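Data first, discussion second: the structure below is written as structure tokens.
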Amino acid sequence: MKRVFRTALLMSLGLLAPQLQAQKPATTTTTRATAADEQKMNKFISDLMQKMTLEEKIGQLNLITVGFDVTGPVVSKDVDANIRKGNVGAVLNTFTPQAARKLQEMAVKESRLHIPLIFGYDVIHGHRTIFPIALGLASSWDLTAIERSARIAAEEASADGLNWVYSPMVDIARDPRWGRISEGSGEDPYLGSQIARVMVHGYQGDDLSKSNTVMACLKHFALYGAAEAGRDYNTTDMSLVRMFNEYLPPYKAALDAGAGSVMSSFNDINGVPATGNKWLMTDLLRNQWGFKGFVATDYTAINEMTAHGMGDDAQVSALALNAGIDQDMVGEIFLRNLAQNLKDGTVKQEQIDVACRRILEAKWKLGLFKDPYLYTNEKRAKATMMKKEFIADARDIARKSMVLLKNSNNALPLKKQGTIALVGPLATRQRDMIGSWSGAGDWKQAVSLEQGIRNVAGNGVKIVTAQGANFTDDQQMIDRLNAHGGELNVDKRSSEEMIREAVQVAQSADVIVAAVGESQGMTGEAASRADIGLPGQQLELLKALKKTGKPLVIVLMSGRPMTLPWEDKNADAILETWFAGTQAGNAIADVLFGAYNPSGKLTATFPQHVGQIPLYYNHKMTGRPYQGVALDKYKSRYMDVSNDPLYPFGYGLSYTTFEYGKPELSTTTVPMNGTLEVKVTLKNTGNYDGEEVAQLYIRDMVGSISRPVKELKGFQKVMLKKGESRTLTFRLTPEDLKFYNANLQFVAEPGDFQVFVGGNSRDVQTAAFKLAAQ
């Protein structure tokens, strides 16, 4: 045990690289360069670098912002002059073929060595055609659909002057107060890894040099989603065992899939900010995982290390380069300091050369040395943006993302007749449909919920509307949201007047559809919330609507799990629609009226109360577990609320019902080189055809370290007609049973296991098996 402790301690101090057995990589679908291609690239870049001055090499490490969008507090200065001097390697926030070509021509024609620029942008959940936010995409559990969304985004972005996208974000997040939970895939490392893999392939395809592919940028490396208190940019602290077992796998999966670049995170790791963390960026990322691409910082992250307490500009410049950072986003710290750092001996020439080479290699792989204007074809742009088939896919993918949380007495689907009272601050809005971080998306082209209902329901339905409530009555919050594109039109009437009008409207209707939730600016970056219930007076509105006695259907729009105990108890139906994108209104209406049977499942746990956070399904067992005995005091429990979530991971209803049989195992003893087959019969026992996400979990009953109560290890999304049964087969090998032990060895330990199969992490059928010793 002393040796184990010493190894972990040295690693935590950044003094020893982890000698880990690599996890089995995801299938790599991005084409690798042949030896001849590599040799040709290396010779070209070596010849080019021999001609470069120190200043030109440092210039390649400079990523500036130009154009239509500013994502932070600093805007790059002297842009034209720096491009002409060769002091810029890449540009973010400039798109359209015309704008990108203008800057590219400046770099290629007016700089001494004619080195082209890379153009990057925040293409997070679509470029012009906007798809559901990433948390919504993940809730589809449909890897084909998720990859399709990335492929369409790549088609549009690459036609719009871009060749580098800051996606996928693969941070595991277990605190819904953190606004950026909306940008990731939720709380589970297995599902997050599968999504990371398909997103990378969707962006990069099989050949980065093609004009319709873009380089993915894996972010945020690493552990950004574990920010303390759910507060953005906050510190992060965790054990190495948790890091390797629960938070790092999706990053590794994206790299195994061939992600060409990585973005550093804002938080610290083992006390050192990620942007200056050599253990993270060099020992782990490059030496252990073998990453060959380049690492860019997040926006001004090197500058911000001064506020972390890591030194002045010169000190943090050297710290970042020595850690393994290749490109400085917007802060221009490298541009101002690296030459002097070199003179002072705090960095070495070879480190500058290596970073420069990595940037030039990315440009080679993107085909920019062969054709700098590969991505600036105006004719192609006009033919590509928001094509009819892209819009159809956006509608279908949005439908797949929605999660039916409650449906009492078959309140849904709605009938295409009678009067609907469409009430709430999200009833008629377009801006919020495309969510935060929607980049180049035009909210004016988004379909509102009201319009979607009119489109789908037809003339047989009369719609009466009322806003009912503002998102918030906090003027400071309103000003903050509107300062960043919130487009909030605040009704100046009192809350009581607005609610009274909504109730009057509802009394004339057969059913109430209440469109409530967050405005898009309440989620995403720098949008942490301490209270994750419905903001403003929306809950009071719902309570007043409930008193009418009319069926109450809640259409929830949010970028995070929310606390909804009253809503769950009192609403007749609740449909979580996230922020569903360009086709949001049509997609929501398709689900409300039964044109599509909801099939989404949660990928992040919904708590009953904010005080339960962090709350996630794959937690460890305590030595004093609470087992439901009300008067059992000395157990791990709350006095005022149960330990249970409101809605567990993997949960989601359908208009039909599904029945799971008992899992049947091919063997009860699995050898170390063997395979376990788990068969389960799934039957559609309801009145609608529908899709179900069958989920397989395991539990390692005895381990050398404590193990989670459940771990997702497989899932299948299947369509069954009403009355249809199908036997599903899952396969597990000892590789699936491996974990990082206390010595950070990736091992499968012999012993007893349980396997669970069901429609969510809570409601499962169980079987047992053993993993035999060698």
Side-chain angles (χ1 to χ4, degrees), residues 23-27 125 132-150 167-174 176 181-202 218 225-226 245-257 397 400-403 560-561 576 578 599-606 614-619 645 647-652 691-699 708-718 728 730-732 735-739 755-762 764:
Q23 295 187 57
K24 184 167 102 177
T27 303
H125 51 107
I133 59 171
L135 191 61
L137 285 172
S139 298
S140 73
W141 295 62
D142 190 323
L143 297 179
T144 301
I146 294 169
E147 182 171 340
R148 177 63 179 156
S149 74
S167 178
M169 192 197 99
V170 300
D171 302 317
I172 295 298
R174 293 169 170 176
I181 195 172
S182 67
E183 290 181 50
S185 297
E187 69 192 43
D188 183 68
Y190 177 84
L191 179 61
S193 295
Q194 303 308 308
I195 293 172
R197 175 178 56 81
V198 299
M199 288 289 286
V200 168
H201 188 240
L218 158 71
N245 281 315
E246 301 172 34
Y247 281 80
L248 292 182
Y251 303 113
K252 182 64 162 54
L255 296 174
D256 288 340
I397 292 169
K400 294 175 185 292
S401 73
M402 295 172 192
V403 184
R560 53 165 55 87
E576 171 63 88
W578 314 108
S599 62
K601 303 274 189 173
L602 298 178
T603 64
T605 301
F606 275 53
L615 185 65
Y616 48 95
Y617 88 93
N618 48 348
H619 60 85
Y647 307 118
F649 176 86
Y651 175 84
E691 293 173 285
E692 169 71 339
V693 181
Q695 302 157 43
L696 179 138
Y697 301 84
I698 65 161
R699 182 178 180 188
V709 296
K710 286 190 183 78
E711 295 177 273
L712 181 70
K713 291 295 179 179
F715 60 90
Q716 296 182 38
K717 189 165 189 175
V718 294
L728 308 180
F730 296 89
R731 291 177 177 82
L732 291 171
E735 194 73 22
D736 298 307
L737 309 181
K738 286 184 174 181
F739 64 96
V755 61
F756 314 88
V757 182
N760 61 70
S761 60
R762 180 189 63 200
V764 292

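Worth saying up front: this structure is predicted, and the values here are computed from it rather than measured. Any value given below was found using the heavy atoms of this structure, including those in side chains, with hydrogens, waters and symmetry copies removed.
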Query raised in the report: Leu732 and Leu696: side chain to side chain contact (heavy atoms under 4.5 Å, CB included), yes or no, with the steps?
Result: CA-CA 10 Å; Leu732 291 171; Leu696 179 138; 3.9 Å; yes
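- Contact record, Asn760 with Arg762: OD1-N, 2.7 Å, taken as the closest heavy-atom pair.
- Partners of Glu576 according to the salt bridge (charged side-chain N to carboxylate O under 4.0 Å, His left out) rule, which considers only residues two or more places apart in sequence or in another chain, do not exist here.
- When every heavy atom of Pro250 is checked against every heavy atom of Pro189, the shortest pair comes out as CG-O, 3.9 Å.
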Query raised in the report: Under the side-chain hydrogen bond (donor to acceptor under 3.5 Å, both in side chains) criterion, do Tyr697 and Asn618 qualify, and how do the steps go?
Result: CA-CA 10 Å; Tyr697 301 84; Asn618 48 348; over 6 Å; no
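- Checked options Ser401, Ser182, Pro132; the residue passing with Trp578 is Ser401 (criterion: side-chain contact (heavy atoms from CB on, under 4.5 Å)).
- The closest donor-acceptor contact from the side chain of Arg560 to the backbone of Pro176 lies under 3.5 Å.
- Residues Val709 and Phe756 form no side-chain contact, since every pair of their non-hydrogen atoms from C-beta on lies 4.5 Å or further apart.
- For Tyr651, the ring pair (Phe, Tyr, Trp, His ring centres under 6.0 Å) test picks out Tyr647, with sequence neighbours left out.
- Residues meeting the side chain to side chain contact (heavy atoms under 4.5 Å, CB included) test with Ala173, sequence neighbours left out: Trp178, Ile181.
- Listed here is the closest heavy atom pair of Val403 and Ser139: CG2-CB, 4.0 Å.
- Interatomic distance, Phe730 CZ to Gln695 CD, rounded to the nearest 0.5 Å: 8.5 Å.
- For Tyr190, the ring pair (Phe, Tyr, Trp, His ring centres under 6.0 Å) test picks out no residue, with sequence neighbours left out.
- Distance check: Asp142 CG to Glu147 CD gives 11.0 Å after rounding to the nearest 0.5 Å.
- Using a 4.5 Å heavy-atom cutoff, the side chains of Leu602 and Pro561 are not in contact.
- Across every non-hydrogen atom of Gly186 and Ala604, the tightest pair is CA-CB, 4.4 Å.
- The side chain to side chain donor-acceptor pair (under 3.5 Å) search around Lys710 returns none, not counting sequence neighbours.
- Counting heavy atoms from C-beta on, the side chains of Ser140 and Ile146 come closer than 4.5 Å.
- For Thr605, the side chain to side chain contact (heavy atoms under 4.5 Å, CB included) test picks out Glu187, Leu615, Pro645, Phe649, with sequence neighbours left out.
- Looking at residues two or more places apart in sequence or on another chain, you find a salt bridge (charged side-chain N to carboxylate O under 4.0 Å, His left out) between Lys601 and Glu692.
- Partners of Tyr251 according to the side chain to side chain donor-acceptor pair (under 3.5 Å) rule, which considers only residues two or more places apart in sequence or in another chain, are Asp171.
- Shortest non-hydrogen contact noted between Ala138 and Ile195 is CB-CD1, 3.6 Å.
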Requested in this report: Show the numbers, then the answer: is there a side chain to side chain contact (heavy atoms under 4.5 Å, CB included) between Arg197 and Asp256?
Outcome: CA-CA 8 Å; Arg197 175 178 56 81; Asp256 288 340; over 6 Å; no
Query - Intermediate values then yes/no, side chain to side chain contact (heavy atoms under 4.5 Å, CB included), Asp188 and Thr603 - result: CA-CA 7 Å; Asp188 183 68; Thr603 64; over 6 Å; no
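- When the side chain to side chain contact (heavy atoms under 4.5 Å, CB included) test is applied to Glu691, the partners found at least two apart in sequence or on another chain are Lys400, Tyr596, Ser599, Lys717, Met719.
- Residues passing the side chain to side chain donor-acceptor pair (under 3.5 Å) test with Ser185: none are found, sequence neighbours excluded.
- In terms of heavy atoms, Ala254 sits closest to Ala196 at CB-CB, 4.0 Å.
- Under the side chain to side chain donor-acceptor pair (under 3.5 Å) criterion, Arg148 pairs with Asp393, sequence neighbours left out.
- Note: Leu135 CG to Met169 CE = 9.0 Å, rounded to the nearest 0.5 Å.
- Among residues two or more places apart in sequence or in another chain, the salt bridge (charged side-chain N to carboxylate O under 4.0 Å, His left out) test is passed with Arg731 by Glu677.
- We find the OG-CE distance between Ser149 and Met199 to be 5.0 Å, quoted to the nearest 0.5 Å.
- Distance check, rounded to the nearest 0.5 Å: NZ of Lys713 to CG of Asp736 gives 6.0 Å.
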